[in-house]
Amino acid sequence: MIEAFLKEQINVDLTQIMQTQFKTYCDYLREENEKYNLTAITEPTEIYVKHFADSALGSIAIAPKSKVCDIGSGAGFPSLPLKIVRPDITVTLVDSLQKRISFTRTLCEKLQISAEFYHERAEDFAKTHSERYDVATARAVAPLPVLLEYVAQTVKIGGTVIAYKTDESELNSASNACNVLGLALDKTHRFVLPDGSNRCLLVFKKIKRTPPKYPRNQNKPRKQPL
C-alpha cells in the first residue's frame with residue numbers, strides 16, 4: 001500500500017516481514033482503538049498513509065544504529081514505524097499515559113520487535129536521561145518551541161531532533177528556544193503524502209549543552225513558551 005512511496009521518497013524497500021508487521025500493527029490498532037482511544041484515524045488506507053508512511057519518513061534523517069527516543073509516543077508514532085523500516089536502530093517510547101504504554105508494549109510483542117518503555121512526563125524523563133540519545137523525535141506533541149524544550153535535553157551534543165510538522169511556519173517562533181536549548185536548524189525535508197497532504201520534517205542539530213533547568217516543570221513549557 002505504501003511500498004512505492006517509501007521507496008521513492010526515502011529509498012526504503014519494504015520486505016515481506018515489514019509488510020506483515022505493518023498489517024499486524026494496523027489490525028491491532030483498529031482492534032484496540034475503542035478501548036484506548038488511540039487515534040481518530042481508523043480506516044486502513046488512512047492508517048497506512050497518515051500514520052505509517054508519515055512516521056517512516058523520519059528515517060531519512062537517522063544515521064545507522066542510532067538510539068532514538070520518541071517523546072509523547074502515543075500509539076507508537078513515529079518510533080514503531082521507524083523501527084519496522086529501520087531494524088538497525090533502537091527505540092525508546094515515552095508517554096504520560098499508562099494505557100498508551102500498555103498498548104505499545106503489547107504491540108511490540110506481537111510485532112516481535114524490541115523497545116524500551118517509560119510511563120513518565122516528558123520533563124521528568126528528560127532530567128533523568130540527559131544526553132543519552134542520538135535522535136529524539138516528536139510528532140503531534142505541541143507547538144514547536146514547546147516541543148523542542150521537551151526533547152532537547154535527551155539528545156547528545158551532535159545529536160538530532162526531528163520535529164514532524166506540516167510546514168515551516170513555526171520556525172520563527174522557535175528561534176529563541178533554539179538559542180536557549182543549544183539547537184540549530186540543520187535541514188528541512190518536505191514531502192507530499194500519497195493522499196496529497198503536506199509533511200515537513202524539521203531537523204535540528206544539538207550544538208551545545210542544554211542548560212539543566214530545561215525542560216521546566218509545572219507545565220511551564222506550555223504556559224510560558226521560550
Side-chain angles (χ1 to χ4, degrees), residues 54-55 57-63 65-74 76-79 82 89-97 100-101 116-191 198-226:
D54 182 37
S55 295
L57 290 173
S59 172
I60 199 172
I62 299 177
K65 298 183 179 179
S66 290
K67 293 179 63 177
V68 179
C69 178
D70 184 10
I71 301 293
S73 54
F77 307 124
S79 52
L82 283 170
I89 65 174
T90 61
V91 294
T92 296
L93 286 72
V94 183
D95 201 275
S96 61
L97 289 183
R100 294 174 185 158
I101 293 296
E116 290 189 340
F117 306 88
Y118 289 87
H119 170 219
E120 289 189 62
R121 295 178 62 86
E123 53 268 42
D124 297 328
F125 175 84
K127 296 289 177 57
T128 56
H129 293 77
S130 178
E131 297 185 1
R132 292 196 189 180
Y133 297 93
D134 304 302
V135 179
T137 62
R139 178 179 179 267
V141 168
L144 189 57
V146 180
L147 179 158
L148 294 179
E149 182 171 351
Y150 282 142
V151 305
Q153 190 66 251
T154 65
V155 178
K156 302 173 183 177
I157 294 177
T160 301
V161 171
I162 305 173
Y164 285 68
K165 294 291 181 178
T166 55
D167 56 39
E168 301 166 58
S169 60
E170 296 180 58
L171 279 175
N172 286 340
S173 67
S175 59
N176 183 60
C178 286
N179 290 334
V180 171
L181 300 169
L183 301 173
L185 182 67
D186 182 43
K187 293 179 182 177
T188 301
H189 298 282
R190 302 177 194 84
F191 301 95
N198 294 318
R199 167 58 71 196
C200 184
L201 300 182
L202 304 176
V203 182
F204 299 86
K205 285 294 181 186
K206 186 164 178 178
I207 57 175
K208 62 182 179 180
R209 183 156 283 120
T210 301
K213 68 184 256 186
Y214 298 106
R216 294 165 291 167
N217 293 320
Q218 300 176 329
N219 211 24
K220 286 184 179 178
R222 290 183 182 272
K223 294 177 180 177
Q224 303 168 22
L226 292 174

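Basis for what follows: all heavy atoms, side chains included, without hydrogens, waters or symmetry-related copies.
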Does Tyr214 offer a backbone N or O that forms a donor-acceptor pair with the side chain of Gln153 under 3.5 Å? yes
Between CD1 on residue Ile71 and CG on residue Asp95, distance to nearest 0.5 Å: 9.5 Å
On a heavy-atom basis, the closest approach of Val180 and Pro211 is O-CD, 3.3 Å
Worked verdict on Lys220 versus Glu149 for salt bridge (Lys or Arg N to Asp or Glu O under 4.0 Å): CA-CA 10 Å; Lys220 286 184 179 178; Glu149 182 171 351; over 6 Å; no
If you apply the rule side-chain contact (heavy atoms from CB on, under 4.5 Å), what do you find for Phe204 with Leu144, and how did you get there? CA-CA 12 Å; Phe204 299 86; Leu144 189 57; 4.1 Å; yes
Taking atom types as modelled, find out whether Thr160 and Lys206 have a side-chain donor-acceptor pair closer than 3.5 angstrom. no
Side chains of Tyr150 and Glu123: closer than 4.5 Å at any heavy-atom pair? yes
Could you grab the distance from atom NZ of Lys127 to atom NZ of Lys213, nearest 0.5 Å is fine? 10.0 Å
Non-neighbouring partners of Lys67 that pass salt bridge (charged side-chain N to carboxylate O under 4.0 Å, His left out), sequence neighbours left out: none
Can you tell me if Thr154 uses its side chain to pair, donor with acceptor, with the backbone of Ala126 under 3.5 Å? no
Side-chain heavy-atom pair Cys200, Thr188 within 4.5 angstrom cut-off: yes
Evaluate the side-chain proximity of Leu148 to Val161: yes if any heavy-atom separation is below 4.5 Å, no if none is. yes
Under 3.5 Å: donor-acceptor pair, side chain of Arg216, backbone of Gln224: yes
Could you work out, with ring-ring contact (aromatic ring centres under 6.0 Å, His included) as the rule, every residue matching Phe125, not counting sequence neighbours? Tyr118, His129
Could you walk me through whether Arg121 and Asn219 satisfy the side-chain contact (heavy atoms from CB on, under 4.5 Å) test, starting with their C-alpha distance in whole Å, then the side-chain angles of each, then the deciding distance to 0.1 Å, before giving a yes or no? CA-CA 10 Å; Arg121 295 178 62 86; Asn219 211 24; 4.3 Å; yes
Closest approach of Pro215 to Ala122 (non-hydrogen atoms, all atoms of both residues): CG-O, 4.4 Å
Can you tell me how far CG of Leu82 sits from CG of Asp70, rounded to the nearest 0.5 angstrom? 8.0 Å
Are the side chains of Ser73 and Arg100 in contact, using a 4.5 Å heavy-atom criterion? no
What verdict does the side-chain contact (heavy atoms from CB on, under 4.5 Å) test give for Ile60 and Phe191, after you've listed the backbone C-alpha separation in whole Å, the side-chain angles of each residue and the deciding distance to 0.1 Å? CA-CA 11 Å; Ile60 199 172; Phe191 301 95; 4.3 Å; yes
Find out whether Cys69 and Val94 are in side-chain contact, i.e. whether some heavy atom of one side chain is under 4.5 Å from a heavy atom of the other. yes
Measuring from atom OG of Ser96 to atom NE2 of His119, what distance do you get when rounded to the nearest 0.5 angstrom? 6.5 Å
Student check: side-chain heavy atoms of Glu170 and Leu147 closer than 4.5 Å: no
First locate atom OH of Tyr164, then atom CG of Leu201, and finally report the distance between them rounded to the nearest 0.5 Å. 6.0 Å
Just how far is it from atom NZ of Lys156 to atom CG of Asp134, taken to the nearest 0.5 Å? 4.0 Å
Going through the checks in order, is the side-chain contact (heavy atoms from CB on, under 4.5 Å) test met by Asp167 and Asn198? CA-CA 7 Å; Asp167 56 39; Asn198 294 318; over 6 Å; no
Side-chain ion pair, Glu168 and Arg190, N-O less than 4.0 Å: yes
Say whether, by atom type as modelled, one donor and one acceptor occur between the side chain of Arg199 and the main chain of Lys165 under 3.5 angstrom. yes
